[in-house]
There are 2 protein chains.
Amino acid sequence: MSTLLSNLTLTIPENIYIKDPQSSKLGRRILEYSIQLIKQEGLEKFTFKKLADEINSNESSVYRYFENKHMLMLYLISWYWGWLEYKLVFRINNIEDKKNALQRAITAITETPRKDETFGFINEEELHHIIVQEYSKAFHTIDVDEENKNGYFVIYRRLVERLSKIISAYNSSYCYPLTLANTIVQGSLKQNFLHQHFKQLSDFKESDEEPITQFFQHLTFKSLS
Amino acid sequence: MSTLLSNLTLTIPENIYIKDPQSSKLGRRILEYSIQLIKQEGLEKFTFKKLADEINSNESSVYRYFENKHMLMLYLISWYWGWLEYKLVFRINNIEDKKNALQRAITAITETPRKDETFGFINEEELHHIIVQEYSKAFHTIDVDEENKNGYFVIYRRLVERLSKIISAYNSSYCYPLTLANTIVQGSLKQNFLHQHFKQLSDFKESDEEPITQFFQHLTFKSLS
DNA sequence: TTAAAATGAAAGTATTACTTTTATTTTTGT
DNA sequence: ACAAAAATAAAAGTAATACTTTCATTTTAA
């Protein structure tokens with residue numbers, strides 16, 4: 001997968017950034033190392049100053065790409081949803097059987113990313129890690145409604161709509177395709193978090209393979225039966 | 001319900017606060033008005049300075065109750081889970097039928113709080129609102145593991161464990177009682193948020209009554225069938 | 001090769017998230 | 001009712017953050 005994808009770039013809504021970080025070397029370093037640093041420090045303790053020091057650049061240069069760290073986070077989140085959307089489309093391409101397509105869709109969205117899935121210069125495994133930890137902070141702001149109007153969440157919306165259509169294709173009489181799609185996408189992130197930090201509240205054993213995927217497969221197909 | 005409950009106080013883990021806010025008039029004002037202010041300003045723009053001004057008190061006095069706004073938020077969140085736990089226990093008390101008990105449990109947890117459910121001086125409707133908007137910020141910190149060790153999330157854990165036992169009582173062969181319980185508790189908050197801010201991604205009509213409860217009833221009973 | 005664009009260095013500002021000190025008020029025990 | 005203790009208020013101080021600005025230097029592209 002990696003060789004094929006290394007020539008592709010995901011399109012991120014333009015108003016999220018000031019200058020396209022994919023268009024320059026410095027921009028790409030900002031993306032690459034921001035993921036590392038956010039993972040290390042957590043979003044609240046992450047600053048553009050620290051990032052600039054890390055990449056031997058300057059605070060003011062980072063500010064020429066993103067208005068602030070919230071916008072950078074929205075960029076990374078959009079990238080993540082875009083990547084999931086790509087995986088989803090790629091995996092169900094040419095699959096006629098609706099049940100099989102839905103199974104593959106759920107797997108694409110809920111599985112744990114592997115090291116070798118690198119799409120360009122982004123480390124998807126690390127990105128998944130920071131999305132699990134931090135994504136809801138970027139969603140749950142006082143300005144969601146305005147930011148939604150600005151189109152900052154279009155990729156997320158497209159992903160959920162796509163998944164809901166696959167659900168409806170399998171069972172057209174189901175009343176909650178969008179709600180279930182949201183539950184799968186966001187719920188799998190939440191379960192990742194719980195599995196990492198609240199082991200007491202997990203049903204999974206160490207030996208289970210992709211238990212979160214299994215749970216959402218079971219949940220979905222039971223709901224649609 | 002309100003008259004009965006006005007004599008009860010919820011017990012919040014001691015190390016969350018410096019001085020028990022339920023023990024003094026100022027403390028109770030801090031709780032009451034912090035909910036209002038967080039709702040109005042959002043958690044990031046909420047400060048102890050603003051809160052102190054609002055209640056005609058002083059910044060330094062607020063700091064004698066809580067170490068910082070994160071701890072205050074953990075207090076409010078614990079209160080919310082404690083209140084849900086209380087509702088849950090109260091509603092299924094004396095109900096023998098396992099299916100009926102589970103139905104009631106899901107309703108207690110996922111329904112929209114009403115104005116008249118006031119437990120003491122806390123406005124539960126407003127509290128629910130800020131929990132929907134802000135709760136994940138208090139969970140998703142770099143220090144979760146330590147805070148979990150400190151017992152800051154015991155009430156949440158107790159709530160989820162209780163619900164998972166009700167699930168298992170109804171169907172003892174189900175493999176994911178804890179995962180499903182987490183999905184119901186946290187998923188219903190997420191769906192509230194989506195319903196408020198991402199109408200495009202909602203299946204519900206304005207005329208639907210408690211659609212989120214209906215969704216989780218359907219999801220749960222299908223999963224357990 | 002020269003003008004334009006991008007980047008870097010350094011200093012500046014307003015706000016935040018506290019802390020400290022000291023004064024005043026309230027509560028409590030006798 | 002009164003003294004001692006506890007709680008609260010006022011005010012000033014500090015370190016860090018989240019930027020912004022200005023100007024110098026480097027890189028890139030016609």
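Quick note on labels: first sequence line is chain A, next is B, and so on, each numbered from 1. A quick note: this is a predicted structure, and the numbers were derived from the prediction, not measured.
Here the side chains of B:H197 and A:N148 are not in contact, with every heavy-atom distance at 4.5 Å or above.
For the pair B:H70 NE2 and C:dC18 P, the interatomic distance rounds to 11 Å; values are reported in whole Å. We find that CD of A:E44 is positioned 12 Å from P of C:dA17, with the value rounded to whole Å. The distance from atom CG of B:L51 to atom C1' of C:dT16 is 15 Å, rounded to the nearest whole Å.
Considering only the side chain of A:Y63, D:dT20 comes nearest among D:dA11, C:dT7, D:dT20. In this structure, the nucleotide among D:dA9, D:dA18, D:dA7 sitting nearest to the side chain of A:E59 is D:dA18. Nearest to the side-chain atoms of A:N58 among the listed nucleotides C:dT7, D:dA11, C:dA9 stands C:dA9. Nearest nucleotide to the side chain of B:Y65, out of D:dT8, C:dA17, D:dA18: D:dT8. The side chain of B:L26 has D:dA9 as its nearest neighbour among D:dA9, D:dA18, C:dG8. Distances were taken from every side-chain heavy atom of A:R64 (C-beta onward) to each of D:dA10, D:dC23, D:dC19; the shortest belongs to D:dC23.
A:K69 comes within contact range of the sugar-phosphate backbone alone, with a heavy-atom separation under 4.0 Å but no base atom that close. Contact annotation for A:S60: base contact, defined as any heavy-atom pair under 4.0 Å involving a base atom.
Taking a 6.0 Å sphere around CD of B:E67, one finds it holds 12 or fewer heavy atoms contributed by other residues, nucleotides or ligands.
For A:S24 and C:dT7, the shortest distance from a side-chain N or O to OP1 or OP2 is below 4.0 Å. Under 4.0 angstrom from either OP1 or OP2 of C:dT7 there lies at least one side-chain N or O belonging to A:K19. Taking 4.0 angstrom as the limit, B:T47 places none of its side-chain polar atoms (N or O) nearer than this to OP1 or OP2 of C:dT16.
Ring pair A:F215/A:F204: centre-to-centre distance not below 6.0 Å. A:F48 has its ring centre no less than 6.0 Å from the ring centre of A:F66. No close placement of the B:Y65 and B:Y17 rings is indicated, their centers lying 6.0 Å or farther apart.
Across the interface with DNA chain D, nearest-nucleotide mapping of A:F46 and B:K25 shows B:K25 to be the residue nearer the 5′ end.
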